[in-house]
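Note sheet for the following structure.
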Amino acid sequence: SATIMLRVVALALVLAVAAAQIPAKCSSPKQWEGKLLVTDRESGHFGAVLMYYSYDETNLRKRFHEIQDFTNKSAPLYRGIHLHKEGLEYLWEADKPSTCTVRKTQRPFIPHSVVENATFISDFIYGSTAVQGAGLEVEVWDADLEFGETKVHWYAHFTRTGCVPIFSEIDFPNGRRTEQFVDVTVGLHNPNDFIPPSECPQ
């Protein structure tokens with residue numbers, strides 16, 4: 001009947017409008033540097049550390065240099081390099097490369113970008129649009145990721161302009177890691193930063 005046809009048309013229009021409101025997956029910078037605040041809850045332990053951070057998605061590399069440990073202020077600060085193509089991660093006390101140790105990577109490489117199977121959750125404004133320049137448009141995405149036998153749930157915020165990562169939360173089988181990114185600059189100033197110190201075991 002004409003009534004049923006009108007309802008079908010109306011439903012199709014509603015679905016089309018809803019689909020149009022879902023943004024396309026944005027493309028994040030593949031290489032960048034910044035500061036990273038990490039909180040890690042793993043096997044009953046909790047840690048919160050601020051660090052300098054370098055990210056290279058192209059070559060599956062991450063590097064960090066701890067600045068401050070908020071949960072144990074007397075603990076030594078560390079530097080580390082994770083080379084996921086090689087399956088190795090290096091760790092040493094800051095300014096003491098002789099303490100360097102090497103082991104197989106303990107966690108998979110999880111990109112700081114909107115992954116292929118991500119689902120759009122929502123968008124919102126950090127700050128306020130009532131004050132000029134005080135609002136930042138953000139998109140929220142999440143996904144279930146599998147790395148061999150390891151399954152994780154990933155949830156992240158990105159700027160609408162530039163798709164710069166702001167926040168991510170990853171649920172691993174044995175804990176949760178949250179990451180907040182600030183002072184991000186695109187590009188790598190010194191790619192040699194990903195070369196482990198000569199003191200590290202070969």
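What you see is a predicted model, and the numbers here were worked out from it, not measured in a lab.
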- [ ] Verify the cluster assignment for V184 and Y52: are they in a single hydrophobic cluster under the rule of side-chain heavy atoms below 4.5 Å apart?
- [x] no
TODO: Look at the side-chain heavy atoms of Ile, Leu, Val, Met, Phe, Trp and Tyr, link any pair under 4.5 Å apart, and say whether L36 and L91 land in one connected group.
DONE: yes
Open item on the list: Restricting to non-hydrogen atoms, name the atom on F158 and the atom on P165 that form the minimum distance, rounded to 0.1 Å.
Closed with: CD2-CA, 3.7 Å
- [ ] Please report the shortest heavy-atom distance between K96 and T99, naming the atom on each side.
- [x] O-OG1, 2.6 Å
Open item on the list: Name the residue from D40, T39, D171 that meets the side-chain hydrogen bond (donor to acceptor under 3.5 Å, both in side chains) definition with R177.
Closed with: D40
- [ ] Please name the residue in the list Q31, K62, R63 that meets the side-chain hydrogen bond (donor to acceptor under 3.5 Å, both in side chains) test with D56.
- [x] Q31
Open item on the list: Just verifying a value: how many Å separate D95 CG and L77 CG, rounded to the nearest 0.5 Å?
Closed with: 9.5 Å
Is there a side-chain contact between [X] and [Y] in this structure, where contact means two heavy atoms from C-beta onward sitting under 4.5 Å apart?
X: L37; Y: F70; value: yes
X: N59; Y: K85; value: yes
X: D123; Y: E137; value: no
X: V114; Y: C163; value: yes
X: I81; Y: W92; value: yes
X: E57; Y: H112; value: no
X: F181; Y: W32; value: yes

Under 3.5 Å, side-chain donor or acceptor atoms of residues 187-194 against the rest of the protein: list the pairs with distances, not counting sequence neighbours.
unit_1 : atom_1 : unit_2 : atom_2 : d
H189   : ND1    : E33    : OE1    : 2.5
N190   : OD1    : N192   : N      : 3.1
N190   : ND2    : D193   : OD1    : 3.4

Open item on the list: Counting only heavy atoms from other residues, nucleotides and ligands, does the tally under 6.0 Å from CZ of R107 exceed 12?
Closed with: yes
TODO: Might you confirm whether atom CD of Q106 has over 12 heavy atoms from other residues, nucleotides or ligands at distances under 6.0 Å?
DONE: yes
TODO: Answer with yes or no whether the side chains of E179 and S168 bring together a donor and an acceptor at under 3.5 Å.
DONE: yes
Just by distance, do the side chain of [X] and the backbone of [Y] share a donor-acceptor pair under 3.5 Å?
X: Q202; Y: C200; value: yes
X: E139; Y: R160; value: no
X: D69; Y: P76; value: no
X: T129; Y: G135; value: no

TODO: Assign the ring pair F120 / W141 to parallel, tilted or perpendicular, where the plane angle (0 to 90°) is split at 30° and 60°.
DONE: perpendicular
Open item on the list: Between F109 and H82 (judged by ring centroids, cut-off 6.0 Å), do the two rings come close enough to count as a pair?
Closed with: no
Open item on the list: With a 6.0 Å cut-off on the ring centroids, do H84 and F147 count as close?
Closed with: no
Open item on the list: Among residues at least two apart in sequence or on other chains, which ones pass side-chain hydrogen bond (donor to acceptor under 3.5 Å, both in side chains) with S74?
Closed with: N72
Open item on the list: According to side-chain hydrogen bond (donor to acceptor under 3.5 Å, both in side chains), who are the partners of E89, at least two apart in sequence or on a separate chain?
Closed with: R103
